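Quick notes on the structure that follows.
Chain A is the first sequence line, chain B the second, and so forth, proteins listed ahead of strands; every chain is numbered from 1. Keep in mind it's a predicted model, so treat the numbers as computed, not measured.
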Amino acid sequence: MSQTTLLLLVSSSLQTIYMVAAASVLATMFGLPLGIALYITRRGNILEKPRLYNFLATLVNITRSIPFVILMIAIIPFTRLLVGTSIGTNAAIVPLSLCAIPFIARVTENALSEVNKGLIEAATAMGATTLQIIYKVLIPESLASIINGLTLTVISLVGYSAMAGAVGGGGLGDVAIRYGYQRFDSVIMLITIVIMIVLVQFFQFLGDWVVKRISHR
Amino acid sequence: MITFSNISKKYITPHGSIPALVDINLSVPKGKIYGIIGKSGAGKSTLIRCANLLERPTSGNIIVDDEDLTTLPPTQLRQARRKIGMIFQHFNLLSSCNVYDNIALPLTLSKTTSTAIKKIIMPLLELVGLTDKEHNFPAQLSGGQKQRVAIARALASNPKVLLSDEATSALDPETTETILQLLKNIRDTFNVTILLITHEMSVIKTCCDFVGILHEGKLLEENDVGEFFAYPKTAVAKNFVTASFSTKLPLNITQHLQNVSSADTHPIMRFYFMGDAATQPIISQLINQFRLRINILQGNIEYIKNHAVGTLVIALSGNANDLQNALNYLTSLNIHTEIIGHVPNNVIAFSE
Ligand SMILES: Nc1ncnc2c1ncn2[C@@H]1O[C@H](COP(=O)(O)OP(=O)(O)O)[C@@H](O)[C@H]1O
Ligand SMILES: [Mg+2]
C-alpha cells in the first residue's frame with residue numbers, strides 16, 4: 001500500500017472520528033436537556049405541563065421520522081447558514097447532530113422514567129427544589145442507562161457519518177465510495193469496513209466500561 | 001407538635017371522586033410516638049403524606065411545630081420540610097450513592113459545607129450501627145441496614161418530627177423489632193415526635209404511645225396504647241386487638257359455637273384484662289365465690305407500656321344465677337367481658 005493511500009486512510013478515519021465526536025457532543029448538549037424537559041413535563045411528573053409536553057413530543061417524533069439522507073438534503077440551507085458551506089466535514093456535523101438530538105432526547109426520557117418515583121418523593125420530603133431533584137436524584141440515578149443510550153447513539157452516528165461522507169462529507173464513507181465503489185478498489189473498501197468495525201467496537205467498549213464504573217446496583 | 005385539623009382528601013379519578021380521608025382531627029404531642037393502624041386502602045399512606053404535604057389535602061390544616069403548612073408559599077414549605085424527616089417502606093435510597101452520601105443528601109440539599117456534613121454524619125452512623133458500612137452501596141446492604149441508612153438520612157437535618165410510612169412492612173419480624181427499638185431510642189435521645197402508619201398491631205404494641213384506627217378514611221377511635229388494647233371501643237378496633245392477641249380458638253370449639261344458650265350448653269367467655277385487673281386472682285374468685293367450674297381454653301397476658309393487658313377465654317359451668325353474679329362482679333372490677341357463644345356440654349369436659 002502506498003504512503004498516500006495510508007495517509008488518506010488515516011486522515012479520513014480522523015475525519016470520521018471528528019464528525020462523530022462533534023455531532024455526539026452537540027447532540028448531547030441539546031438532546032439531554034430536551035429529554036429532561038420531556039420527562040419532567042409529562043403528566044404525573046414533577047413539572048407536569050401537558051401542552052408543552054405534547055408540543056415537544058411531536059417535534060421529536062417528526063424529526064425522528066425523517067430518514068437521515070433526506071434530512072441531510074432538506075436542511076442544506078440551514079447548514080449553509082450555520083457553517084457557510086454545505087459540503088465537507090463541518091457541514092456534515094449539522095445534520096448528524098440534528099438527527100441524533102431526538103434520539104438522545106427519547107433515550108434520556110426513558111432512562112429518567114425508570115428512576116423509582118419513591119426517590120423523587122423522598123427528595124421532595126427533604127425540601128429539594130425541582131432543579132435539585134434533577135441534579136441530585138434523577139441524573140445520578142439514571143446516568144448508567146443514559147450512557148448506554150448515548151453509546152447506542154454514537155454507534156449509529158458512525159453509520160450515518162459514512163452516509164454523509166458519500167454525499168461530500170468526507171471521512172471513511174467518502175473513501176469507501178470513491179475508491180471502493182467508483183474505482184473497484186476492494187482492498188481499500190475492505191480496510192474502511194474494518195476500521196469502521198474497530199471504531200464501533202471501541203465506542204461500545206468505552207460505553208460499557210463507563211457504565212460498569214458508575215453502576216452500583 | 002403535629003396537628004391535623006379537619007383534614008379531608010378526595011382523589012379525583014375518571015371514575016369519580018374517592019374520599020380517601022374524611023374530616024381527620026388528630027394531634028401528636030411533642031416527643032410521643034403516634035401510630036395509625038388500618039387495613040389496606042384505609043387511607044394511611046394518604047394521611048401520612050398529608051403531614052408534609054407530599055399530598056395536599058382537599059380541605060383542612062396541617063400544623064407542624066406551630067406552623068400551618070397548608071398556608072406556606074413554596075420556599076417556606078421547603079424550609080419547613082427540612083425539619084420533618086421521613087422514612088419509607090421501600091427505603092428510597094439512591095442506588096448511585098454510598099451510605100455516607102445517602103445520609104448526606106438532605107444536608108447537601110441545604111448547602112451545608114462538607115466539613116460540617118462529616119461532623120453530623122459520623123455520630124449518626126454510630127447511632128444506627130453502620131460505622132463500617134460508610135462506603136457501601138445500598139445494593140450491598142440487607143433490608144434492615146437499608147432502613148437504618150434511611151433513618152440516619154431522615155435524622156441528618158436534625159428534624160423535630162419523623163414520619164414513618166410502613167417502615168417495617170418489608171422487613172422480617174426480628175429486624176422489625178430492632179428497627180422499632182431504634183425508633184424508640186431516637187425518640188428518647190432527640191425528643192423527636194414520631195407519626196407512623198402500619199397495618200401490624202405488633203408495631204403499635206412495641207413502640208407507640210398513642211394509636212388511632214383509620215377505617216375507610218375515617219379516624220374511628222384513638223387512645224393511649226395501653227387503654228386501647230384493654231378497651232377497644234369499635235368493632236374494627238376489637239378485631240384488630242383480638243387478632244393481635246392471636247386468640248383463634250381451636251376448630252373443635254369454633255365449629256360447635258352457637259349464639260343461643262340452652263340447658264345443655266356452656267357459655268364461652270372472653271375477658272380482656274388491663275392494669276391491676278390482669279394481676280388479680282380472678283379465676284379462683286370465680287371458683288370459690290361463685291361456685292363456677294372453669295375450663296381455660298386460651299390465655300395471653302402481655303405487658304404494653306407497663307400495663308398488663310391480655311385476654312383469657314374460658315368455658316363456664318354453673319347455675320344461671322351464679323353466672324350472672326359473676327359477670328356483675330367482673331364488670332365491677334373493670335374487666336371487660338364478652339360471651340363469645342355457647343357450646344354443647346359434650347364438647348368441653350368439666351371435672352367434678
Ligand atoms: N393517587 C391516587 N389517585 C386516586 N386514588 C388514590 C390515590 N392514592 C390512593 N388512592 C385511593 O385512596 C384510598 C386510600 O389509599 P391509601 O392512602 O394508599 O391507603 P393505605 O395506605 O391505607 O393502603 C384507596 O381507595 C386508594 O385506592
Ligand atoms: Mg399504603
Side-chain angles (χ1 to χ4, degrees), chain A residues 32 35-36 39-50 107-108 110-151 207-217, chain B residues 45 48-49 51-56 69 72 74-99 101-111 135-141 149-150 153-157 159 161-166 170:
Chain A
L32 204 64
I36 294 170
Y39 173 80
I40 59 176
T41 58
R42 198 161 67 186
R43 204 177 282 280
N45 287 357
I46 44 177
L47 261 181
E48 176 174 30
K49 299 244 184 319
V107 159
T108 306
N110 278 341
L112 294 174
S113 7
E114 275 161 29
V115 175
N116 176 1
K117 284 264 167 62
L119 297 183
I120 298 170
E121 195 144 89
T124 310
M126 286 172 210
T129 62
T130 306
L131 215 60
Q132 283 178 324
I133 292 175
I134 294 171
Y135 282 106
K136 301 275 183 194
V137 177
L138 287 172
I139 294 184
E141 285 295 298
S142 60
L143 198 58
S145 35
I146 289 179
I147 287 176
N148 270 328
L150 287 183
T151 309
D208 290 348
W209 181 77
V210 174
V211 168
K212 208 174 160 206
R213 283 294 305 269
I214 61 169
S215 37
H216 299 282
R217 272 175 206 284
Chain B
S45 299
I48 199 144
R49 290 158 50 81
N52 57 1
L53 292 200
L54 282 179
E55 207 71 74
R56 212 166 250 282
L69 299 187
L72 293 180
T75 319
Q76 265 110 300
L77 175 61
R78 279 196 293 273
Q79 293 296 333
R81 278 175 172 159
R82 291 186 175 150
K83 292 284 148 215
I84 306 174
M86 189 168 193
I87 55 176
F88 305 86
Q89 179 174 5
H90 298 295
F91 325 121
N92 293 347
L93 300 176
L94 298 184
S95 62
S96 56
C97 293
N98 64 20
V99 167
D101 291 332
N102 263 295
I103 302 175
L105 184 63
L107 298 170
T108 52
L109 291 178
S110 59
K111 309 213 163 53
H135 301 294
N136 286 47
F137 284 85
Q140 302 161 321
L141 303 177
V149 176
R153 178 176 74 175
L155 294 176
S157 51
V161 165
L162 191 63
L163 306 174
S164 160
D165 184 349
E166 300 265 8

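Each of A:G127, A:A122, A:S215 has some count of heavy-atom pairs under 4.5 Å with chain B, and the biggest count is that of A:G127.
Interface remark: B:I87 contributes no atoms to any contact with chain A (heavy atom separation under 4.5 Å). Contacts between A:T129 and chain B at a heavy-atom distance below 4.5 Å involve backbone atoms as well as side-chain atoms. If you measure heavy-atom distances from B:S95 to chain A, the contacts under 4.5 Å come from both the backbone and the side chain. Contact annotation for B:L94: both backbone and side-chain heavy atoms come within less than 4.5 Å of a heavy atom of chain A.
Note: B:L77 CG to A:T124 OG1 = 10.0 Å, rounded to the nearest 0.5 Å. Here the NZ-CD distance, from B:K111 to A:Q132, works out to 5.0 Å after rounding to the nearest 0.5 Å.
Among all heavy-atom pairs drawn from B:N92 and A:G118, the shortest one is ND2-O, 3.0 Å. Taking each heavy atom of B:L93 and A:L119 in turn, the nearest pair found is O-CD2, 3.2 Å. Minimum heavy-atom separation, B:S96 to A:E141: OG-OE2, 2.6 Å. When all heavy atoms of A:K136 and B:L105 are compared, the pair lying nearest together is CB-CD1, 4.2 Å.
Under a 3.5 Å cut-off, the side chain of B:N52 and the backbone N or O of A:A125 do not form any donor-acceptor pair.
Of the candidates B:R78, B:R82, B:R81, B:R153, B:R153 is the only one forming a side-chain contact (heavy atoms from CB on, under 4.5 Å) with A:M126.
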